[in-house]
Undergrad: 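Structure below; questions to follow.
For the single chain, residues carry numbers from 1 onward in sequence order. Just so you know, these numbers come straight off a predicted model, no measurement behind them.
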Amino acid sequence: MEKTPYIVESDGVMKVRTCAWSPPGDHPVGCGLILTVKDNKLVKVEGDPDNPVTQGRLCPRCVALDEVMYHPDRLLSPMVRDRADRGKDAWRKISWDEAYDLIEAKVREIWKDYGSEAIFTITGTGRESTLYAPVYGPAVLNTPNGSSTQPFSGQACYGPRATITNFLLGAGIPEIDWAQYYEDRYDHPGYQVPKYIVVWGKDPLYSSPDGFFGHSIIDLMKRGSKIITIDPRLTWLGAHAEYHLQLRPGTDAAVGMGLCNVIIQEDLYDHDFVENWCYGFDEFAEACREWTPERVEEVSWVPADTLRAAARAFATNAPSTATWGVALDQSKQSTQAGQCFLALVAICGYIDVPGGIAVMNTESFIGKWRYDMVNTLPDELATKRVVDPDGKYALFNTGSVLGGIQGDTLLDWLEGQFADREGYYKLRMCWMLGSNLLACEAAQSKRWYEAMKDLDFVVAQDIFMTPSIMGLADVVLPLSTFAEHEGLVTPNYGRNQHFIGAMNEAIRNDNTKSDLEILIDMGKRLKPEMWEGIEGPDDFFDKLLRESYGYGLDEVKGVPAKMSGYEYYKYKTGKLRRDGEPGFETVTGKVELYSPVLESYGESPVPYYREPTYSPLSQPELAEEYPLVYTTGGRNIAMFHSEHRQIPSLRAINPDPLVTINPATAARFGIADGDWVLVETPFGSCRQRAHLTNEVNERLIHLQHGWWFPERNGEAPELYGAFDSNPNNLMPHEDVGVTGYGAPYKNGICKISRTEAPVQA
């Protein structure tokens, strides 16, 4: 691709080529944009037709960028309030230097009085801060309680899939081969269009998650790909699929074993790949044997004939491919569901082949830097990391994954449940990075609020005031949007990236800073020895790019996207292993259908199925009072998790939190379309507005997540209505898998009734 200038100026108008990420929120797809700027003001947003990934297409969130940047409620100054006023709208503006001075003084005070381990960080998902948040802990705050710490129960976003992939494949999370590595995309001579695409627990047309541009599935459908969906809801893709497996939420492992069982028992698997490149096939086959389509139907609601036909179609039409979503993370059996997904593509021979699933095991340049920085703490400090004293979650207690605190353990620790245990200490300070935990991530969010509201000191950074900041923080730092700072898009968080894209500063905004700028600034103040020679973001990116790839930042800025390229069949040529030997970077050197690593952590090495803790089958007597199954978290095109609620054009698309109910079910309970509905479980309740449609069956409802109301009273206890329509109220705390992964965000039992609209306090 010929290099083109990233800035064009004419008659006082500047056009800037850039890539979108966050903030404002978006997964790291890196949509290509052309931003038109006049007098340092954004006047037009267009898709970049030369971007080989998105090819000029944009979602509504990108189109509404100007509404975010110039919103009257946007944070445009650091602010502080007295700790005694926590929860009150008693903020006063201060300068960046004043904010930095205050934070530095408080951190040093805590170091002196309590030890640096008394500080912890919390980060969200999908934000640019995800790249840098792990480093705030060890390289700025000198604490072991940072890294990828999330308030998610069971770390139920990306982490479960990343870990099981690392164990079974020794690679980054695989994605479908949508020709994403090539400038010529689908015309690349080595590429093949997949015949079938399994879309499992994912709605990529609306989410475009983790670097995967969802609209590519439409591109492939136009080129002949057929779709198999596995989803409790009938999404647009499901309505256009050859086979739609409309499972009961939380039964993914049973469905996965059923699919694999059909393929194995009917001898449809790829014998060559299984015999030469898979470990533990016989044990895996035996584990799946009892899961006939008829038995799967009994527990999952998926008709036996549909499951059987889908398995045959997928296995007998090479090449085919599959993509998996957060739904597999957000069940108690996330580990087992992940095993089944990876086994399904492995036994069919669809790994690392044209039109199959794409895998790499190399770390990105930022990933390597992050790993090196996280592992700089001395052993005596690293061993003080918050862990469950009962050793329930061996993966986290050994520090072998992600490096953060397991989310359920963190809440238990904050609540003082381990206060009588040896090694316990009180946490004193939190730094929140891109996390609106009270409205979006945390199960039983009122408990999190009570556990955190009396901390000694809390810092947060974001682009708008949120319920979590209003309720918990003492200092808030205003973030720049991607149009206002230098940055790089690294899809799939770098482990399996198909391109690197430049976020080029188009607007100068001296009132705000990026997550990386704040990290560097505070790092130089608190641990200057870690930040020697780094002058700023441009210098940081340029040095890391040159060390890793041999080219600098200008080469990334000079093209719409710096494509990674791809080589197939790397497992045959030794390019998936550090030692250069053929195979995979696993304990056995093969794809592990039987996992020695899981076995070493006390988990079954092969998948199994256990009923969700709260389901019609596991709790039949309770289900008499709570007769419906609920699921949550389906994406909507206008908003990213809990963001964009105050953006007029986006809120108009989805003005209220919606609970999707089958019309026949609604009629049973006297509910009409548009009514407000009270949803109740043994753990709590929430209110959402009824949306009646046949996309869910009569036994299931679906609730939108992440809702709060910027137009409502922000002060505690209301906190913008953060607890009113939050489906996380409905679920238990710490109902997770053996490894500490997986939680019931997407499955449980409930009852519904008509109620009144929420009233602002």
Side-chain angles (χ1 to χ4, degrees), residues 16 18-35 37 41-47 54 57-76 123-133 206-211 432-436 439-441 460-469 476-489 491 501 503-507 509 511-518 635-654 705-710 720:
V16 181
T18 191
C19 286
W21 192 358
S22 176
D26 221 341
H27 271 96
V29 173
C31 300
L33 289 87
I34 302 293
L35 303 180
V37 178
K41 185 178 178 69
L42 179 66
V43 296
K44 190 176 184 180
V45 178
E46 302 171 273
T54 51
R57 295 168 286 191
L58 295 179
C59 72
R61 296 185 298 272
C62 286
V63 176
L65 176 63
D66 62 330
E67 292 183 68
V68 174
M69 292 175 63
Y70 304 120
H71 195 285
D73 294 335
R74 187 179 168 197
L75 298 175
L76 291 173
T123 182
T125 61
R127 296 285 297 263
E128 186 189 2
S129 61
T130 306
L131 291 180
Y132 311 115
Y206 291 89
S207 62
S208 288
D210 307 316
M432 298 192 297
L433 303 126
S435 174
N436 187 7
C440 190
E441 297 157 282
Q461 51 203 59
D462 218 311
I463 55 175
F464 287 101
M465 182 62 62
T466 69
S468 303
I469 295 173
V476 59
L477 305 177
L479 290 179
S480 51
T481 68
F482 67 82
E484 298 165 317
H485 68 245
E486 301 292 317
L488 291 180
V489 171
M503 287 184 278
N504 294 308
E505 182 184 288
I507 309 291
N509 186 343
N511 299 311
T512 63
K513 296 180 184 288
S514 70
D515 291 294
L516 179 59
E517 287 179 286
I518 296 169
R635 302 297 186 252
N636 100 57
I637 194 65
M639 299 166 180
F640 180 77
H641 294 304
S642 69
E643 293 193 63
H644 302 105
R645 300 295 189 266
Q646 62 278 91
I647 306 306
S649 67
L650 301 178
R651 183 72 177 270
I653 296 172
N654 198 146
H705 75 295
W707 267 93
W708 59 289
F709 306 89
Y720 303 106

Undergrad: Search all heavy atoms of P60 against all heavy atoms of I637 and return the closest pair with its distance.
TA: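 Between these two residues, the closest heavy atoms are CD-CG1, 3.7 Å.
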Undergrad: Can R635 and H705 be said to form a side chain to side chain contact (heavy atoms under 4.5 Å, CB included), step by step?
TA: CA-CA 9 Å; R635 302 297 186 252; H705 75 295; 3.5 Å; yes
Undergrad: Please find the pair of heavy atoms, one from G32 and one from L58, that lie closest to each other, and give the distance.
TA: O-CD2, 3.7 Å
Undergrad: Are P24 and R61 close enough that some pair of their side-chain heavy atoms sits under 4.5 Å apart?
TA: no
Undergrad: With a 4.5 Å heavy-atom cut-off, do H641 and H27 have their side chains touching?
TA: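 The answer is yes, as the side chains (C-beta and beyond) meet within the 4.5 Å cut-off.
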Undergrad: CG/N504 to OG1/T18 distance, rounded to the nearest 0.5 angstrom?
TA: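 So the gap between those two atoms works out to 5.0 Å.
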Undergrad: Of all heavy-atom pairs between H71 and P648, which one has the smallest distance, and what is that distance?
TA: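 For H71 versus P648, the nearest heavy atoms are CD2-CD, 4.5 Å.
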Undergrad: I need the minimum non-hydrogen distance between A506 and L35, along with the two atoms involved.
TA: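 Scanning both residues, the minimum pair turns out to be CB-CD1, 4.0 Å.
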Undergrad: Backbone N or O of S649 within a donor-acceptor pair of the E67 side chain at under 3.5 Å?
TA: yes
Undergrad: Between Y720 and W708, is the ring centre distance below 6.0 Å?
TA: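 Y720 vs W708: aromatic centres under 6.0 Å.
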Undergrad: To the closest 0.5 Å, what do you measure between CG (N509) and NE2 (H485)?
TA: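 That separation rounds to 11.5 Å.
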Undergrad: Determine, step by step, whether L479 and T512 satisfy the side chain to side chain contact (heavy atoms under 4.5 Å, CB included) criterion, reporting the C-alpha distance in whole Å, the side-chain angles of both residues, the deciding distance to 0.1 Å, and the verdict.
TA: CA-CA 5 Å; L479 290 179; T512 63; 5.9 Å; no
Undergrad: Where do S208 and V29 come nearest, in terms of heavy atoms and distance?
TA: O-CG2, 2.9 Å
Undergrad: Determine, step by step, whether L488 and L131 satisfy the side chain to side chain contact (heavy atoms under 4.5 Å, CB included) criterion, reporting the C-alpha distance in whole Å, the side-chain angles of both residues, the deciding distance to 0.1 Å, and the verdict.
TA: CA-CA 10 Å; L488 291 180; L131 291 180; over 6 Å; no
Undergrad: Under 3.5 Å, is there a donor-acceptor pair linking the side chains of E128 and S514?
TA: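 There is no such pair (donor and acceptor under 3.5 Å, judged by atom type) between the side chains of E128 and S514.
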Undergrad: What distance do T481 atom OG1 and I507 atom CD1 have between them, rounded to the nearest 0.5 Å?
TA: 8.0 Å
Undergrad: Taking the side chain as every heavy atom from C-beta outward, state whether E643 and F464 have any atom pair closer than 4.5 Å.
TA: no
Undergrad: Return yes if some donor-acceptor pair links the side-chain N/O of R645 with the main-chain N/O of G706 below 3.5 Å, else return no.
TA: yes
Undergrad: Tell me, do P710 and R651 make a side-chain contact under 4.5 Å, heavy atoms counted?
TA: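 Yes, at least one pair of side-chain atoms sits under 4.5 Å.
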Undergrad: Is the shortest heavy-atom distance from the side chain of N654 to the side chain of W707 under 4.5 Å?
TA: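 N654 reaches W707 side chain to side chain.
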Undergrad: Quick one, F482 and V489 - any side-chain contact, counting heavy atoms below 4.5 Å?
TA: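 Of all side-chain heavy-atom pairs linking V489 with F482, none is under 4.5 Å.
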Undergrad: Under the side chain to side chain contact (heavy atoms under 4.5 Å, CB included) rule, what do T466 and M432 come out as? Steps first, then yes or no, please.
TA: CA-CA 12 Å; T466 69; M432 298 192 297; over 6 Å; no
Undergrad: Using a 3.5 Å distance criterion without hydrogens, assess whether the side chain of E486 forms a donor-acceptor pair with backbone atoms of E505.
TA: yes
Undergrad: Say you draw a straight line from CE of M639 to CD1 of I647; how long is it, rounded to the nearest 0.5 Å?
TA: 9.0 Å
Undergrad: Using the salt bridge (charged side-chain N to carboxylate O under 4.0 Å, His left out) rule, pick out the option among D515, D462, D26 that qualifies with R127.
TA: D462
Undergrad: Any side-chain donor-acceptor pair under 3.5 Å between N436 and S468?
TA: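 Their side chains do contain a donor-acceptor pair, which is all the 3.5 Å distance test asks for.
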Undergrad: In Å and rounded to the nearest 0.5 Å, what is the CD1 to CG distance from I518 to L477?
TA: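 It is 5.0 Å, given to the nearest 0.5 Å.
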Undergrad: For a 4.5 angstrom cut-off between non-hydrogen side-chain atoms, does V43 reach V37?
TA: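 They are not in side-chain contact.
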Undergrad: I'd like to check K513 versus Q461 (side-chain heavy atoms, cut-off strictly below 4.5 Å). Are they in contact?
TA: no
Undergrad: State, to 0.1 Å, how close N511 and L76 come at their nearest heavy-atom pair, and which atoms those are.
TA: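 Closest heavy-atom pair between N511 and L76: CB-O, 3.0 Å.
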